[in-house]
Amino acid sequence: MYYIRFINKGATYLLICSFAAWFLISCMKEKDNNIPPVAQKLPKILEKHGHKRTDPYFWMAERDSPEVLKYLKAENDYTQAMMKHTETIQNSLFLEMKNRFKEDDSSAPVLDGTHYYYSRFEPQKEYPIIARKKESLQAAEEILLNVPELAQNHSYFQLGDYAVSPNETKMAYCIDTLSRRLYQIHFKDLENKTHYQEVIENCEAEVIWANDNKTIFYIRKDLTTLRTNRIYSHILGTNPADDKLVYEEKDETFSLGIDKTKSQKFILIIANSTTTSEYLLIDADNPSHQPTRFLPRSKDHLYQVDHINQTFYIITNQDSAQNFQLMTVSDKKYQTRSAWEIRIPHRKEVLLEGIELFDNHLVIQERLGGLTQIRIINEKNKQARNVTFTEPAYFVFIGSNPNANNPNLRLVYTSMTTPTTHFDYNLETNTRTVIKEQTVLGGFSKENYITERIFAEAKDGTKIPISLVYHKGFKRDGSAPCYLYGYGSYGYSLDASFSSIRISLLDRGFVYAIAHVRGGQEMGRYWYEDGKLQHKKNTFTDFIACAEHLIAQKYTSATKLCASGGSAGGLLMGAVANMKPEIFLAIVANVPFVDVVTTMLDESIPLTTGEYDEWGNPNNPKDYEYILSYSPYDNVVPQKYPNMLVITGYHDSQVQYWEPAKWVAKLRATKTDNNKLLFYINMDSGHSGSSGRFESLKEDALEYAFLLDLLHISK
């Protein structure tokens, strides 16, 4: 202020006026940013089966229109303004989450052919380096891909599948730089360290090499629906425009995948719908041959195929095997269904999830009572043994085992207190060797936390498992905040696994709970069947039952219970917010699938036709009526809602950004409370959020800060 005394009065007056104007405009701008955006209503009548719906926010589906971008920016500005006072704790949360990561960490090495393959991080880098060592982990490192260099100049970067040729001299890899899951395939000569000129566009992130070391198989997507519908073969060094179409899937309810058998003798083309599958085989030694069907598709027949020692192994649900059975057949007779023999019969109480084939051993991954089990059968003497674990809630699964003659089985184990651990189980001696345990810095000790498994009772009497973790010293008196997470769709089992990010809640007194609701497959295939189509509401009422049980058992209270879910779990969040808002302090919905009726009537957008067997086809009046009865957007009513944070990605190919945008706008115009409703749109990301190792932690910090602020936890 000293210099003002040395200028004339007129200049001083002008300076004061200018400062006052600036201050007034700044205050008005800050005030405007604290006012929730009001979305324009342009009513559109949507009619189906003689029923009319009015959608006032249908216009938000106009991607890249100035009006839409203006509205999304206003929502981001509002969220930023409302969360500005939490910036300090957001930064603290981000740093403590980041500082739990070992900056120069690496993955567990996997022996494939003659090389050990692994990825590793360098300090301060968002992306890994892909590398290998020949024959020994003490050998010199060979860098295959420097992903930090590849990711330069991209606001989003995702490395998809990468595959090395059978002779280990060439490499194919997939990258996405937009977050629409449209990948480019690139090729590298590993001997002279140079890239091939050709690049294949608009693909799925899968590549499989034939045994000639020059032919690869890949999948192209329909650019409108993003359905994986065409398999091509490409010969290295040729123009991708000349690639051969190997197979095209005409049925819009099916999508395609590719794989290779454990024996390396067959390329697999996999056609899948929600309830039906079909496999086609290509001789990996003769990649120009036409594919042959393993077994023609038939309605509601799901099966998987692998091959070793001149034998096909088939996991199938045929013959009323709801939880699947394992069958075998000679590779000379596989098309003769009567030649199939039962190897492991169907068991009502055990879900057969997968197998791993070795020269002399068969490894089975199955699920009993909601927990995964590993069983090993010696193919020489047919003796079986289980790999056992003692924690009340955990997750174990078969890791990467590319070599059939390896004496060790790679398994991966984790629980809500045990960081992810890779270990080798010797198939002959039954001994375990830890290869790598996830490093968690910041003073973490798993002895400081307790995990347990409890059961809630659903409205129909079904017992719903809940996995819990909390810090030692927790008192079950209803005073603790609780974070309850759920999903419950597609038969995806939400297992009790470790998260270093979660420690930031546990150390602040939270109970963290996972509700294993129907629609997942934790308790067997019937668990999934009871949470889909005309039984979908079981998913929502199960979650509510879990929430009420946690309150009744004094793990938390309705004033401190926070719920979270993403994608189809976001649908769950939207449904329970409509059905039972009073039992939640807050709900976080990440990339939520909330406009179910409109989306499932639009065959031009991704996932719709392929998910009729999951949600139903609303072109059918019965399905239309049932979906309409729970669709979160259609069931917003004038009532009090919990505090809510909604997060999406502008480039999301799975759940289009306009679903949560419309939902938030309708909630704002309809709800009767003054609780917070914040909407954050990541304009650079898609369904999986920000790319990179640390960047995504900023959204986690935003979410946790939102909850801590509501609970008046300031540190």
Side-chain angles (χ1 to χ4, degrees), residues 110-114 117 161-168 172 204 206-219 228 231-233 246-247 256-272 277-297 301-316 318 324-337 339-341 343-344 352-365 376-377 379 397-406 409-410 427:
V110 173
L111 179 63
D112 189 358
T114 63
Y117 291 83
D161 188 22
Y162 60 90
V164 174
S165 61
N167 65 5
E168 301 181 81
E204 178 67 341
E206 297 181 42
V207 285
I208 299 291
W209 286 91
N211 292 342
D212 63 0
N213 299 296
K214 65 178 182 180
T215 304
I216 69 141
F217 290 84
Y218 66 94
I219 312 171
T228 52
I231 305 288
Y232 283 85
S233 64
V246 176
Y247 178 78
L256 297 178
I258 50 177
D259 205 347
K260 200 172 187 180
T261 60
K262 189 65 173 284
S263 64
Q264 304 298 307
K265 290 187 175 182
F266 298 99
I267 307 291
L268 302 175
I269 295 176
I270 309 159
N272 271 323
S277 56
E278 181 180 50
Y279 277 65
L280 294 89
L281 309 177
I282 298 174
D283 185 343
D285 291 324
N286 297 284
S288 62
H289 287 191
Q290 288 297 310
T292 59
R293 277 180 171 78
F294 181 83
L295 184 73
R297 69 186 66 171
H301 181 209
L302 288 167
Y303 69 96
Q304 304 171 35
V305 173
D306 206 346
H307 178 268
I308 199 170
N309 296 334
Q310 293 79 51
T311 302
F312 281 111
Y313 289 71
I314 310 106
I315 297 175
T316 172
Q318 267 197 342
F324 298 95
Q325 60 184 334
L326 180 65
M327 307 189 78
T328 58
V329 66
S330 163
D331 56 18
K332 308 299 182 187
K333 298 181 179 180
Y334 67 88
Q335 291 179 316
T336 304
R337 179 63 179 81
W340 294 19
E341 297 179 353
R343 180 63 194 278
I344 297 177
L352 176 58
E353 287 193 323
I355 60 173
E356 187 69 84
L357 303 177
F358 290 85
D359 287 341
N360 298 312
H361 292 84
L362 168 63
V363 180
I364 303 159
Q365 180 174 314
I376 300 169
I377 300 175
E379 292 289 67
F397 60 95
I398 299 170
S400 180
N401 295 273
N403 290 354
N405 61 355
N406 195 327
L409 163 69
R410 176 64 55 85
L427 295 167

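Since we're looking at a predicted model, the values are computed, not measured. The first residue in the sequence is number 1, and the count goes up from there. Because only heavy atoms are used, hydrogens play no part in the values below, and waters and symmetry mates are left out as well, while side chains stay in.
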So Glu379 and Ile377, side-chain contact (heavy atoms from CB on, under 4.5 Å) or not? Walk me through it. CA-CA 6 Å; Glu379 292 289 67; Ile377 300 175; 4.0 Å; yes

Any chance you could lay out the side-chain contact (heavy atoms from CB on, under 4.5 Å) test for Leu357 and Leu362, step after step, and finish with the verdict? CA-CA 5 Å; Leu357 303 177; Leu362 168 63; 3.7 Å; yes

So Asn211 and Lys260, side-chain contact (heavy atoms from CB on, under 4.5 Å) or not? Walk me through it. CA-CA 11 Å; Asn211 292 342; Lys260 200 172 187 180; 2.7 Å; yes

Determine whether Ile270 and Asp259 satisfy the following criterion, side-chain contact (heavy atoms from CB on, under 4.5 Å), listing intermediate values before the conclusion. CA-CA 8 Å; Ile270 309 159; Asp259 205 347; 4.0 Å; yes

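For the ring pair (Phe, Tyr, Trp, His ring centres under 6.0 Å) criterion with Tyr279, the lone passing option out of Phe294, Tyr303, Phe266 is Tyr303.
Of the possible donor and acceptor atoms, none in the side chain of Asn360 sits under 3.5 Å from a partner among the backbone N and O of Phe358. Side-chain atoms of Glu204 never come within 3.5 Å of backbone atoms of Thr228 as a donor-acceptor pair (strictly under, hydrogens ignored). With Asp306 contributing its side chain and Lys262 its backbone, the two residues share a donor-acceptor pair below 3.5 Å. For the pair Asp161 (side chain) and Val207 (backbone), a donor-acceptor distance under 3.5 Å is present.
Contact of the His361 side chain with the Glu356 side chain is not registered, since no non-hydrogen atoms from C-beta on lie closer than 4.5 Å. The side-chain heavy atoms of Pro296 and Glu278, taken from C-beta on, include a pair separated by under 4.5 Å. With contacts defined as side-chain heavy-atom distances shorter than 4.5 Å, the pair Leu281/Leu268 qualifies. You'll find the side chain of His301 reaches within 4.5 Å of the side chain of Thr316, heavy atoms only. Put simply, the side chain of Val110 reaches to within 4.5 Å of the side chain of Pro402, judged on heavy atoms. Contact check for Arg337 versus Gln318: side-chain heavy atoms found under the 4.5 Å cut-off.
Taking the ring centre of Phe312 as origin, the terminal cationic atom of Lys333 falls outside the region bounded by 6.0 Å and 45° from the ring axis.
With values rounded to the nearest 0.5 angstrom, Leu326 atom CG is found 7.5 Å from Ile314 atom CD1. Once rounded to the nearest 0.5 Å, the distance linking NE2 of His307 with OH of Tyr313 reads 9.5 Å. Going from atom CD of Glu341 over to atom CE of Met327 covers 8.0 Å, rounded to the nearest 0.5 Å. The CD1 atom of Ile269 sits 8.0 Å away from atom OH of Tyr247, with the distance rounded to the nearest 0.5 Å. Note that CG of Asn403 and CZ of Arg410 are 11.5 Å apart. Values are rounded to the nearest 0.5 Å. Rounded to the nearest 0.5 Å, atoms CD1 (Ile315) and CZ (Arg343) are 12.5 Å apart.
Across all their heavy atoms, Ser165 and Asn167 have their closest contact at OG-OD1, 2.8 Å. What you find for Trp340 and Thr336 is that their closest heavy atoms are CD1-O, 3.5 Å. The heavy-atom pair separating Ala210 from Pro287 by the smallest distance is CB-CB, 3.6 Å. Across Ile216 and Tyr218, no two heavy atoms sit closer than the pair CD1-CD2, 4.0 Å. Taking each heavy atom of Ile219 and Gly257 in turn, the nearest pair found is CD1-CA, 3.7 Å. The heavy-atom pair separating Phe217 from Ile282 by the smallest distance is CE2-CD1, 3.7 Å.
For the residue pair Asn309/Thr311, the side-chain donor-acceptor check at 3.5 Å is not satisfied. Checked by atom type, the side-chain pair Asp359/Asn405 shows no donor-acceptor distance below 3.5 Å.
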